[in-house]
Each structure stands twice: as C-alpha cells, then as structure tokens.
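None of these values were measured; they are calculated from a predicted model.
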Amino acid sequence: MTTTDTEPKTITITVNGTPEPTSARTLQAWVDARGVLPAALATAVNGNFVPRSLRAQQLLAEGDTILTFQPIEGG
Amino acid sequence: MNPDMNDEAAEQSTAEQKMAGLERSTATPRDLVAVCSAQVKEEPAKRAGDTEQSTLPPSRPEETSEWQIGGRTLTSRFFLGTAAYPSPQVLKDAIQASGAQVVTMGLRRQLAHGTEASDFFALIQATGSHLLPNTAGCHTAREAITLAHMARELFDTSWIKLEVVGDAHTLQPDPFELLTAATQLVKDGFEVFPYCMDDLVSCQRLLDAGCSVLMPWGAPIGSGQGLVNPGALRTLRARLPGVPLIVDAGIGSPADAVQAMELGLDAVLLNSAVAHAVDPVRMARAFKLGIASGRLAFEAGVMPRQDMAVASTPVAGHPILL
C-alpha cells in the first residue's frame, strides 16, 4: 500500500507507558489533538523536558516516548 | 571529630563552641542561641495592644520570628504537605489552621484531562501559600532534573524540593544522585531544597554545590518515628550556622516538632502527621503551636541538662538548723 503526500501517516508513539497511534508530527500538534489546555500539563519527549515554548518545534517520530505530568497533592 | 567525644553531650558542647568561635570556658547555651538567631530581627519595643502601663514583655503566642529563605521572608516555620487529606475542604482548613506559608505539591505522570488537577491546584493557589513542588518518586538524578523543570513550568516557581530516593524500603535519599541533581539544578537557576540525610559531610557537599538550604530527614518518610538521630541534627546545626535547616520527614507528633525547633533547626516540613490525624485541622493547629513554642524556647535558651540535682533555692548564708 502506498500513501500520498496529503494522506496523514500514522506512527506509533508511547504515551506514559502505553503505545498510541498518532498522526501528529509535532508535540504541539499532539497536545492540541488531545484537547487539553497546553498550560495544564508539562511534557517530556524521550525523557527530555520540552517547555511549552518549544513544543511546536519538537518533532515526533516512530517509537518516540512522551511523558505528561500534571499537578497533584504531595508531601 | 575528636575521638574522645563519644557521647552526645560532649559532641554538642564542642560543636557549639566551634560554631561560635568561643573558648570552652566561655561558651554557654545563650551563645548558641545568639549565633543561630542572627537572622532574627529585633522585637519591636511595642506591639498593637500594648499599653503604656504594661510592664510585661510583648507576647506573640502563636508567631515565630521572621526569617528568610529562598529570597522570601516568612513568619511561619511550618511547611505543610498536601497529600492524603480526607477532602479538599479539610486540606484547605488544615492549611489555614497551620499558619503555614509554604505548602508542598507533587507531579503525577498522567495526561491532564478533566478538572480534578486544575481544581486542586486552584484550591492551593487560593490559600496564598508559597508552593514548594517536589520530585517525589524519582530514583535518578536525570529523572529528578527533568521533573524539576516540569515543576517549574507548571507551578511557576523556581523552588524545588529535590527528592531522589535511593532505597525503596526506607525511601532514604540517595546522596550521590541527589548531589548530581542538585549541582545541575542550581546551575539551571533553581532554588534547591534537598531532602537529604542528616550526614554532615554530604550536607556540606550539597552546600558546596550551591544549595542554600538543607532538609535533613528526621526519620523515614511517613513513619512518624520522630527524630531518630537528634545528635546528628544537633551537629548539623552547630557546624552549619546560618544555613536554613528544615527537618523533613518522620515527624509524628507535635512533641517531635518541638524537639526539632529546640535544637535550633529553622523549620519543620511534614504531611502525614497532620493528614492522617483523626482531626487533621486540629492537629495542624497543634503543630503550629508546637513549632512556635519550640522556636521560642530555642530563642529563649533552653537550660542545659545536668547529670545530678542542682538546688534551685540558694542555701548559702542561710542558717541550717539541723
């Protein structure tokens, strides 16, 4: 099977330990697709922190890992 | 350490003298208080409510002296955790009852959805407390560094309670990974609050790395054992004058907090002892009073313990009839 330039190609990434197919090519696109407030979570790709301001430049590739964190109670 | 100093009292005495730069013959508990209280501001001559006729000293039954840490001035010496409360309302009431100006928070690895996280965050923000996010659950310096950067972005603070666990059973800090992480985070502009062992040398290394505050454990996290090694904490206080020391972890009852404060430590951080109490709000207040009491006692100068009885009533010059 072949794909055209306009057809989104699906890749598989791992999100918080769970495999997930996505057509997003940047971290920003992936965050936007999840419908969460960009400021409500912090992100890391392949173990490296990616600040909000750099999510649009952070490319995603097959096999990448994404970690997302949010505030919780703590001691 | 002097090999002859094999008991706690001797260690305390020597350390105090070294700290104050005083000769053995002149060092007193008052000297210790004077050195460790150097950052304490002068008590105002008069306070609201004082009258011209009053001859009693001003009272501040629930306040402690101002102190500075991480670029901020605080009046409370109580840092309170926010985990494991029966309800958000109890948490909110406990924070208020505690008088704590700094509360700790954590980060969870999950996708933010729904409003649960934001509601909780909003509740904490509404208290007006300074936030001290932690890196709980990290086992390596790399993990902790990454999480610290995430925390700075989420909580909009450069303060970080740096936790790097070295043993899953005791949750004891890993001093080596901790130092590696602290060194990097200081370079990255963080105000690092390292949760550390009470070992003097590793504490000194953390200071060398640029930490300006230390948080030695009192006992394993959540154990409620109190101060299992008060001698080590006393040594830290004596050998590191002027360094803010916050006892973190292991505090079980207000009596433990009083002890920590009487030792001259600057503050106490705890969570479980309040959150797991039958009445967390009342326990928060109990700790507030205990911490204030312990600090006042330290500033006032706790009398040294004696091995033998010492008569309180002077008898010299009095007639002895029998």
**OP:** Enter the distance from Y85(B):OH to E73(A):CD here, rounded to the nearest 0.5 Å.
**Re:** 10.5 Å
**OP:** Could you tell me which non-hydrogen atom of R109(B) sits nearest to which non-hydrogen atom of L67(A), and how far apart they are?
**Re:** CD-CD2, 3.5 Å
**OP:** Count the heavy-atom pairs under 4.5 Å between each of T146(B), L80(B), L154(B) and chain A, then report the option with the highest count.
**Re:** L154(B)
Subject >> Atom pair CE (M150(B)) and OG1 (T43(A)), whose distance is rounded to the nearest 0.5 Å >> reply: 6.0 Å
**OP:** Check whether A39(A) gets within reach of chain B through its side chain, its backbone, both or neither, counting any heavy atom under 4.5 Å.
**Re:** backbone
**OP:** Please confirm whether the backbone N or O of G75(A) pairs with a side-chain atom of N134(B), one donor and one acceptor, at under 3.5 Å?
**Re:** yes
Subject >> Contact origin within E143(B) toward chain A - heavy atom pairs under 4.5 Å >> reply: neither
**OP:** Kindly compute the distance separating CD1 (I145(B)) from CG (N48(A)), expressed to the nearest 0.5 Å.
**Re:** 11.0 Å
**OP:** Grab the two heavy atoms, one from R108(B) and one from I72(A), that are nearest each other, plus how far apart they are.
**Re:** CB-CG2, 3.3 Å
Original post:
Where does F155(B) contact chain A at under 4.5 Å (heavy atoms): side chain, backbone, both or neither?
Top reply: side chain
**OP:** Taking atom CZ of R282(B) as the centre, report whether more than 12 heavy atoms of other residues, nucleotides or ligands fall under 6.0 Å from it.
**Re:** no
Original post:
Can you tell me how far CG of L147(B) sits from CZ of F49(A), rounded to the nearest 0.5 angstrom?
Top reply: 10.5 Å
Subject >> Listed partners of R152(B) passing salt bridge (Lys or Arg N to Asp or Glu O under 4.0 Å), at least two apart >> reply: none
Subject >> Options L91(B), I221(B), L107(B), N271(B), ranked by heavy-atom pairs under 4.5 Å with chain A, top entry >> reply: L107(B)
Original post:
More than 12 non-hydrogen atoms from neighbouring residues, nucleotides or ligands closer than 6.0 Å to CD on Q225(B), yes or no?
Top reply: yes
**OP:** Apply salt bridge (Lys or Arg N to Asp or Glu O under 4.0 Å) to E153(B) and list each qualifying residue two or more places apart in sequence or on a separate chain.
**Re:** R55(A)
Original post:
Considering only heavy atoms, which portion of A249(B) lies under 4.5 Å from any heavy atom of chain A: side chain, backbone, both, or neither?
Top reply: neither
Subject >> Test item: H149(B) and V50(A) side chains (from C-beta on) under 4.5 Å apart, heavy atoms >> reply: no
